[in-house]
Amino acid sequence: MVVDVFEVLLARNAWEKRKWSQLVGISKNMVDPTTGKYDSLIHIGPGNIRSNSRELVDLKTVKDENLISGKFHFDKGDIIYGKINPQLAKYTIAPAEGLSSADTYVLKPKSGIERLFLYYTLGTNRFFKYTVSVSQRTGMPKINRDELNAYSLIIAPSLFEQKRIGLFLRKTDDLIAATQDKLSFLKKMKMFFLQQIFPTKNHDVPQIRFDGFTDVWSHYKLGSLMRIDKEQEVKKELLTDIQKGFYVLAMRTFSMDGYIDHSKPYWLNHLDNVSDDKFLLPREFAILDADMDANLPKIGRVLLNASSEKYLLAAHVRKIQVKSGNDPIFIYALMRGNSVHERLKLEANGSISKRLLDKNVYKQSILVPNRSEQSKIGRLFFLLETTITLHQQKIQMLKQVKKSCLQNLFI
């Protein structure tokens with residue numbers, strides 16, 4: 001069934017305020033898991049539920065968990081809600097019959113409320129703020145049954161409207177999950193090619209090659225293929241979280257797998273305190289090498305036309321210029337490969353805040369093919385990374401759609 005959000009909005013009538021206790025039952029069916037009767041059932045605890053997601057991880061059977069204390073019994077379709085630390089927003093729909101931790105509530109919708117509508121109500125700002133506010137007490141934050149029963153739900157009086165809203169949001173969740181699966185597959189594929197194409201200390205030649213290429217790869221120093229530009233950097237004290245002006249590439253902007261994490265931006269509102277604009281990156285291909293953060297170099301790049309804005313470089317982020325005669329995307333992929341990446345990690349200096357010195361980058365000895373094979377390999381990684389970036393952007397867009405719906409489809 002295709003759900004049209006506009007149809008849902010048009011169907012809205014006056015919503016009603018109802019007490020939680022009138023619409024939702026909180027199960028008291030606690031059982032002994034040691035009897036053997038429940039051994040084959042799944043066990044769900046707060047640790048198995050991802051925050052703000054219905055996703056379940058590391059599920060095991062009651063027998064495998066070797067449970068000894070009382071647990072709540074639930075049926076397929078029941079809603080499991082983590083009552084400890086409500087700010088973590090841990091809730092899910094049971095995929096099958098099982099037992100849940102005493103640190104959870106098993107919620108069963110009564111007459112007057114649709115299951116999916118209740119489930120997505122748990123993700124609204126109104127419910128989140130209430131549960132956090134009443135759980136703040138000494139010791140471990142926790143929401144009790146009386147506090148939940150005192151909550152007032154604002155619901156659509158029509159079960160049809162509730163169902164349509166719930167189905168729309170579930171389809172959005174399904175699309176997010178499917179896109180996330182594709183993204184994970186693409187990242188694994190990229191890692192496979194990084195491991196197979198670029199020689200390591202155990203293999204002096206690539207394990208796979210494109211058809212038609214048989215020439216031996218030649219030894220070079222990284223310094224003969226690229227240079228690290230010493231351009232002006234934007235100082236941290238000039239940066240802001242306000243989204244205005246120029247987007248700044250900073251250490252926290254890079255994810256560990258080399259992509260720009262747009263959920264953690266820095267911005268520079270004006271250029272009054274900067275003597276010139278040499279640190280401005282044009283809206284085109286550029287490799288950026290971030291200094292050491294913890295124990296791993298962050299090496300990322302800006303995709304072609306990835307943004308309508310120009311980028312700035314914050315302190316400790318350096319631009320790499322690939323010298324003429326070499327393919328830039330190949331050089332970037334080579335630096336992301338396990339062999340070079342591991343060596344760069346070992347070259348970092350400093351006991352606490354590690355730094356990767358330019359001279360230690362330049363001296364790395366690597367194997368490089370001719371320009372034609374470089375271009376072929378670079379094209380492969382360009383297509384992989386472009387597709388990965390598009391999937392990341394799609395996930396962020398879908399999450400924004402869901403967030404907006406939770407704010408606007410619910411009162």
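This is a predicted model, so every value here is computed, not measured.
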Please report the interatomic distance CG(D173) to NZ(K399), rounded to the nearest 0.5 Å. 10.0 Å
Answer yes or no: is there a donor N or O on one side and an acceptor on the other, between the side chain of Y332 and the main chain of G378, under 3.5 Å? no
Please report the C-alpha distance between K394 and L390 in whole Å, then the side-chain angles of each, then the deciding distance to 0.1 Å, and finally whether the side chain to side chain contact (heavy atoms under 4.5 Å, CB included) criterion is met. CA-CA 6 Å; K394 182 178 180 180; L390 289 173; over 6 Å; no
Once you round to the nearest 0.5 Å, how far does NZ of K403 lie from CG of L398? 15.0 Å
When you look at NZ of K37, are more than 12 heavy atoms from neighbouring residues, nucleotides or ligands closer to it than 6.0 Å? no
Give a yes or no answer on whether the side chain of K376 reaches the backbone of R209 with a donor-acceptor pair at less than 3.5 Å. no
Under 3.5 Å: donor-acceptor pair, side chain of Y81, backbone of L107: no
Any donor-acceptor pair under 3.5 Å linking the side chain of D39 with the backbone of V62? no
Using atom types as modelled and distance alone, determine if a side-chain donor or acceptor of E114 lies under 3.5 Å from a backbone N or O of R164. no
Taking every non-hydrogen atom, the tightest pair across H73 and L99: CA-CD2, 3.7 Å
Over 60° means perpendicular and under 30° means parallel, so tell me whether Y151 and F127 are parallel, tilted or perpendicular. perpendicular
For the side chain of Y105 and the backbone of R145, is there at least one donor-acceptor N/O pair under 3.5 Å apart? yes
Between N85 (side chain) and L88 (backbone), is there a donor-acceptor pair under 3.5 Å? no
May I ask you to check whether over 12 heavy atoms, not counting those of I208, lie within 6.0 Å of atom CD1? yes
Kindly indicate, with the supporting measurements, whether the criterion side chain to side chain contact (heavy atoms under 4.5 Å, CB included) is fulfilled by F381 and L334. CA-CA 10 Å; F381 284 102; L334 181 144; over 6 Å; no
Under the 3.5 angstrom rule, does the side chain of S404 hit a backbone N or O of V401 as a donor-acceptor pair? no
Applying side chain to side chain contact (heavy atoms under 4.5 Å, CB included), can you list everything that pairs with S152, at least two apart in sequence or on another chain? K17, K19, R126
In this structure, CD1 of I377 is separated from CD1 of I197 (nearest 0.5 Å) by 5.0 Å
Show the nearest heavy-atom pair for residues G45 and S101, with the distance to one decimal. CA-CB, 3.8 Å
Could you walk me through whether R115 and D78 satisfy the side chain to side chain contact (heavy atoms under 4.5 Å, CB included) test, starting with their C-alpha distance in whole Å, then the side-chain angles of each, then the deciding distance to 0.1 Å, before giving a yes or no? CA-CA 8 Å; R115 188 180 309 274; D78 285 345; 4.0 Å; yes
Is D75 salt-bridged to K108, cutoff N-O under 4.0 Å? yes
If you measure from CG on L122 to CZ on F128, what distance do you get to the nearest 0.5 Å? 12.5 Å
Quick one: does K83's side chain have a donor or acceptor within less than 3.5 Å of a partner on A102's backbone? yes
If you take all heavy atoms of G112 and Q162, which pair is closest and at what distance? O-NE2, 3.3 Å
Taking only residues at least two apart or on different chains, which pairs with a member in residues 53-63 satisfy salt bridge (Lys or Arg N to Asp or Glu O under 4.0 Å)? R50-E55, R54-D174
Can you tell me how far the CD1 atom of I176 sits from the CE atom of M397, to the nearest 0.5 Å? 9.0 Å
For P369 and F330, which heavy atoms make the closest approach, and how far apart are they? CD-CZ, 3.3 Å
Does atom CZ (F210) have a neighbourhood of more than 12 heavy atoms from anything else shown, all under 6.0 Å? yes
In short, F117 meets I155 closest at the heavy-atom pair CE2-CG2, 3.7 Å
What distance separates S324 OG from R371 CZ, expressed to the nearest 0.5 Å? 7.5 Å
Whether Q364 side chain and N360 backbone form a donor-acceptor pair below 3.5 Å: yes
